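See below for the structure under consideration.
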Amino acid sequence: MMKGRLCRGLCNKKGETLIVVVIIAVILLIAGTAVLGFAANGLHSTSKDAQSRGVYYVSKSAGSVITDSMKGGKLGQFLRDRAESDFLAGCSASAGQEYSKAGCVVSASVELDESRLDDYTVADVEIQYDFNGTVTAVSSGAITGNSLSLTNITVKYTVEDKNDDHYDLKIHYSYTGWYTGSGLTKNWSNEIWNLEKSEN
């Protein structure tokens, strides 16, 4: 008896069953397309988040390398020696003489030497600083000792990836130190490099 009703319902000549099947198929097709769209969008967002995190981590790692090089490394020595050279050129050889200069700017380039970092570049590297110094010792008309302070040292740079995602970072430092001697025989002492803060 049940079989007969089912057969009659499916074999109905009016085509009502066919319309119901088409409507259900269209609804399922729309729902399936929406689910696929959400899944694809979620996958794209996850990929984009991973790229942004990569740029962030490379930027922070570059900051750590710069900080290591600044605190007693080659970058710190370069800035100290450049400021000291400007100091000696700007003041006279008399004990107690002070000299200051603001707005010193150095541009630099940075290359990432890991093959897995080929997708990233460090761009727009700029170092700004102010300095002041005081002559502490003079011998035979030559400066043989001074104190030197570098303030407002700001290292700015941008890390970019091949998809134009970028992360800007500024790192602030300060420095104080003393030297005695002259010419090539300078002895630096009491050198203190401070990492003031890091900001994006």
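Sequential numbering from 1 along the given sequence is applied to the chain's residues. What you are looking at is a predicted structure, and each value in this text was computed from that prediction instead of being measured.
- In this structure, the side chain of Ser85 does not engage the main chain of Asp81 through any donor-acceptor pair within 3.5 Å.
- To the nearest 0.5 Å, atom OG of residue Ser149 and atom CZ of residue Phe87 are 10.5 Å apart.
- Proximity of Leu169 to Lys60: side-chain heavy atoms (C-beta onward) are separated by under 4.5 Å at one or more points.
- Across all non-hydrogen atoms, the minimal contact from Ala83 to Leu150 is CB-CD1, 4.0 Å.
- Side-chain contact between Met70 and Leu79 is present, with heavy atoms from C-beta onward closer than 4.5 Å.
- Glu126 has a carboxylate O that lies under 4.0 Å from a charged side-chain N of Lys156, or vice versa, which qualifies the two as a salt bridge.
- The side chain to side chain donor-acceptor pair (under 3.5 Å) test with His172 singles out one residue from Thr154, Asn194, Asn152, and that residue is Thr154.
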Given side-chain contact (heavy atoms from CB on, under 4.5 Å), test Tyr120 with Ser59 step by step and report yes or no. CA-CA 10 Å; Tyr120 300 95; Ser59 181; over 6 Å; no
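- Taking CG of Asp119 as the reference point, atom CD of Glu160 lies at 13.0 Å (rounded to 0.5 Å).
- Within the 4.5 Å cutoff, the side chain of Tyr99 has no heavy atoms near those of the Val135 side chain.
- Across all their heavy atoms, Gln128 and Val105 have their closest contact at CG-CG2, 4.1 Å.
- Cluster membership for Leu88 and Trp178, using ILVMFWY side-chain heavy atoms within less than 4.5 angstrom, is not shared.
- Between Val159 and Tyr57 there is no side-chain heavy-atom pair separated by less than 4.5 Å.
- Side chains of Thr67 and Tyr173: a donor on one and an acceptor on the other come within 3.5 Å.
- The CG atom of Asp168 sits 11.0 Å away from the CD atom of Glu199 when rounded to the nearest 0.5 Å.
- Ring-plane geometry between Tyr175 and Trp193 is classed as tilted, the angle between the planes lying from 30 to 60 degrees on a 0 to 90 degree scale.
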What's the verdict on side-chain contact (heavy atoms from CB on, under 4.5 Å) for Tyr179 and Arg80, showing C-alpha distance, side-chain angles and the deciding distance? CA-CA 11 Å; Tyr179 87 80; Arg80 178 201 67 198; over 6 Å; no
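- Note: Asp130 CG to Thr151 OG1 = 4.5 Å, rounded to the nearest 0.5 Å.
- One hydrophobic cluster, built from ILVMFWY side chains closer than 4.5 Å, holds both Val122 and Val106.
- For Asn163 (side chain) and Asp165 (main-chain N/O), no donor-acceptor pair under 3.5 Å exists by modelled atom type.
- Asn146 places none of its side-chain heavy atoms less than 4.5 Å from the side chain of Cys91.
- Phe131 and Ile192 sit in two unconnected hydrophobic clusters of ILVMFWY residues. Membership requires side-chain heavy atoms under 4.5 Å apart, directly or through other members.
- Considering OG1 of Thr158 and OH of Tyr167, their distance stands at 11.0 Å, rounded to 0.5 Å.
- Contact annotation: the side chain of Trp188 approaches that of Glu84 to within less than 4.5 Å [non-hydrogen atoms, C-beta and beyond].
- Atom CD1 of residue Ile153 and atom CD1 of residue Ile171 lie 12.0 Å apart, to the nearest 0.5 angstrom.
- With Thr136 contributing its side chain and Gly145 its backbone, the two residues share a donor-acceptor pair below 3.5 Å.
- Taking the side chain as every heavy atom from C-beta outward, Leu75 and Ile127 approach each other to under 4.5 Å.
- Among all heavy-atom pairs drawn from Ala93 and Gly141, the shortest one is CB-O, 3.3 Å.
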